[in-house]
Amino acid sequence: MSDKTLLDKAYDPKPVEERWGKFWLENGVFTADARSSKPKFSMVLPPPNVTGHLHVGHALSFTLPDIIARWRRMKGYNVLWLPGMDHASIAVHNVMEQALAQQGLTREELGREEFLKRAWEWKKKYGGIITGQLKKLGASLDWSRERFTMDEGFSRAVRKVFVDLYGEGLIYRDYYLLNRCPHCGTVLSDIEIEHREHQAKLYTLRYPIHDSSEWVEVATTRPETMLGDTAVAVHPDDPRFIRLRGRRAVLPLVGRLIPIIADEKVEKDFGTGAVKVTPAHDPVDFELGRKHRLEQVIVIDGAGRMTEAAGPDFQGLDRFEAREKVVERLREQGYLVKVEDYSHAVGHCYRCKTVIEPNLSWQWFVRIAPLAKEAIRAVEDGRIEFVPSNWAKTYFEWMYNIHDWCISRQLWWGHRIPAWYCRECGTVAVAMEAPPSCPKCGSGKLEQDPDVLDTWFSSALWPFGTLGWPEDTADLRTFYPTDLMSTAFDIIFFWVARMIMMGLKFMGRIPFRQVFINGLVRDLKRRKMSKSEGNVIDPLEMIEKYGTDALRFTLAALAVPGQDLSLSEERMAGYRTFANKIWNASRFVLMNTGPGSPTPAGPTAASGKPSLADRWIRSRLARVMEELDEALENFRFYEAADRIYHFIWDEFCDWYIELAKSDLKAPRSATPAVLESTLDHILKLLHPFMPFITEEIWHHLPGAGRSLALAEFPAPRPEWKDEAVEAEMKALQEIIVQTRTIRTENKIPPHRKVGLWLRPLPGADRAALDGRQDYILSLANLSSLKLTDRFPDGRPLLKGIAAGFELAIPQDEELDPAQEKLRLEKELAKLVQEIEKLSQRLRNESFLERAPQAVVEEVRSKLQELEQKKAKTEEHLGQVFGVK
RNA sequence: GGGCGGUUAGCUCAGCGGUAGAGCAUCGGUCUUACAAACCGGGGGUCGCAGGUUCGAUCCCUGCACCGCCCACCA
């Protein structure tokens, strides 16, 4: 890729990201092959709204599956990750109508046709913003298969599903009380309502009993609805109201006589124990009304304005104005008993946050129970697995209590309901295409239902509609069912559950095998990010500042299953540093193994004798490779990230490269080859997390292929693991660290070379040391030490114990006895404390009896070791400073 | 009202039955020829509270407290 063998000194993400992002797309690196013989792994992207722009939630829920996709691809799977966009009817209406309002226009004034024309133009112009941003993130999507929920094929799929369900009686039309958003001008389904706590008032009203001087008190939070009351209800067992049974009340302000009914739904202990019933404006009252065959008087229309039925005093008023006025009138006329502060939950539109208005209208519904039954079973019997598994509980709870789904919306942008009404005979014709005439009376006067379908109705078909259904395509055969659905918990009901129902219904098979639910991204105070709070972290800004790889790695490192994550910029800065670290480690490797270097990693090196460090890093690498697979298999992104991070930084950079510096000096060393191959492995292992920088560096290595994204992910190499080598290395590391500590605490300047004298403690393996003399020497160089064979008499010594060795640093100058004494005493105190803990356990007979032998043994040998150490330390103290 | 999750080092978070970990911050020392966006060393936690189970609990059980979220037809 590049002639340069030496990379720039600091890593600059921008040009690298630009170059490789473009390269991947232009070369079809992520294009799947429906006819491949490789095992397939498929996912569909949760289609972002066309109104969307990338926020950090997207960044998370696209990065995680991308890591999986890239990992699988490198492991030899035929990976399809299919992108697309959702037409998002309500959201689009919101933004477009807002724009219209600025011109003083409403959509009605514009007309349906013109509105749709503009919507399409708008989609064309702005709809691709988020997909462009997705590309920036490095998401390895197959753009050749991009779909849109309103493209022709998909729309056809939507119509077919509607027609088929209708044919089976699973879609029906009903006159029902539903949540309507007065602002958006459409009904909403139950889950599109957000409940928010309101500090409101509870009004107690007094309704006179007809033909009597008595009255009944009722409580309400919505006095304006009293104009539409058609009953008062009490509990059948409530003794207070037995005398009122069968009587009628006179509705104040209106004068209508309304029955007093008894129903068990009424809570005896709430309010006055009697409740006003408004079947046309309250969900409970609506049910009550159907049960008791009460009249429905509509006093508020869908836009939240009072109707003619509300009476001349109120007609045309907004519902909240009407509330004030009704209360005023009631007060004037003595019907208002009291007003109390009252806090309760009020439904709001999930899009525009307007208080919803229950409203009666004709709507289309999906009869959900039969579909839900199958969908429940698919999760129960494990065909579909939720990760983390506790989300299955959320899913079940909703599915068990699921209500029929209202799918019609009074909007224009979307899939128009394929139903035609005959103006002559009133027949409803449901069909894929407009029928030329009424199938019943033959009249040509047919009118299509003006409404469109709930956006989620079409999203529900995403896993198969995007693959070509209802056609029997190669893609559909190869890639359905998909393997993984990765998404956030807030759309389990909206989307996941419905995809499962529709997939089972129309494909006869589950739409995906696993559902991975990622956490929510919160700010540092654990608050949800929202524009109004002003606590939004903009991923694009982060990319600009820290690079995409750093952003991706941060998200992965914070992605603990089942946990929301608090995104911190500091953390991201840390991973930018990590990228730079990798960059520089690679520079080191390339400088020392490249063709121009004094120690090229050619065939000679490959056949050279591996040093201890060579064998050690290989062994450690083998472990990381295993752990990474395991972690990704289980969606433990944070674990994978943490593991690779520490392997690269601590083991590869801080130890191996440092050791390599002296190993490289040995004749016929294998180190250049090991350096190069370890880097190659590191790049591959890290690529799913940090695709850009790894791809860039990889192309500087000999033997790099077309793209690292298509290279083979390192397969497990158990034969590389070497316990003995790791143990030996660990001992040597301990010795080094110990000497460094001694030096630092005695303020020996880092650059001053001092001698190191080593003697195995009784019981330690002397041979292990002897055989490694030269090696220890090179290790010692790490800390400006030189190994001395002979204990130099008569000079001050700094002493320590590490890994079964007694060590001493002879000092050329006078050392500060106070300093050294302090160090040893501190050390001693620590030892005494630990020894006490351990011996306490060993003194406990129950422990000796009941704990596993291995544990007891471990404690014993640890204790022995500590005691030896303690003895030595005391000896040092006594010897050198005369302290006993 | 029902359910779910959280409470571990100054901050953000891992760990979850056998002597407490990371990143950042902090203290001390280094420009050691890949990297000062670095290197070396150190300090810092009675793991929310109270009981229980266990040889042994941060980890399991019960209760409590506080924080966050989801669901819900007490008007």
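Lettering of chains follows the sequences in order, A, B, ..., and the numbering in each one begins at 1. Quick note: numbers below take in every heavy atom, side chains included, and nothing from hydrogens, waters or symmetry partners.
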Self-check item: Lys/Arg N to Asp/Glu carboxylate O, Glu357(A) vs Arg222(A), below 4.0 Å
Solution: yes
Self-check item: Integer-rounded Å distance: C70(B) C1' and Trp391(A) CH2
Solution: 7 Å
Quiz item: Are the aromatic ring centres of Tyr176(A) and Phe286(A) under 6.0 angstrom apart?
Solution: yes
Self-check item: Ring centers of Tyr335(A), Tyr207(A) separated by less than 6.0 Å
Solution: no
Go through the N and O atoms of the side chain of [X] and the base of [N], and report whether any donor-acceptor pair is under 3.5 Å.
X: Gln563(A); N: A14(B); answer: no
X: Lys862(A); N: U19(B); answer: yes
X: Lys581(A); N: C35(B); answer: yes

Which whole number of Å gives the distance between the [atom1] atom of [N] and that of [M]?
N: C16(B); M: U58(B); atom1: C1'; value: 7 Å
N: G28(B); M: C47(B); atom1: P; value: 30 Å
N: G21(B); M: U32(B); atom1: P; value: 32 Å
N: C55(B); M: G48(B); atom1: C1'; value: 27 Å
N: G10(B); M: G18(B); atom1: C1'; value: 30 Å
N: G29(B); M: A14(B); atom1: P; value: 35 Å

Quiz prompt | Main-chain N/O of Tyr638(A) paired to Asp642(A) side chain as donor or acceptor, under 3.5 Å | solution = no
Exercise. Go through C39(B), G18(B), A34(B) for me and flag the one nearest to the Asp654(A) side chain.
Key: C39(B)
Quiz item: Reckon Glu287(A) touches a base, only the sugar-phosphate, or nothing at all at heavy-atom distances under 4.0 Å?
Solution: nothing
Quiz item: Checking all strands, does Lys9(A) fall into the base, sugar-phosphate, or nothing category for heavy-atom contacts under 4.0 angstrom?
Solution: sugar-phosphate
Identify the pairs formed between an N or O of the protein and an N or O of nucleotides 23-30 of chain B at a distance under 3.5 Å, and give each distance.
| unit_1 | atom_1 | unit_2 | atom_2 | d |
| --- | --- | --- | --- | --- |
| C24(B) | O2' | Glu570(A) | OE1 | 3.0 |

For the atom pair [atom1] ([X]) and [atom2] ([Y]), what is the distance rounded to the nearest 0.5 Å?
X: Ser189(A); Y: Asn179(A); atom1: OG; atom2: CG; value: 8.5 Å
X: Tyr342(A); Y: Lys201(A); atom1: OH; atom2: NZ; value: 14.0 Å
X: Leu838(A); Y: Gln864(A); atom1: CG; atom2: CD; value: 12.0 Å

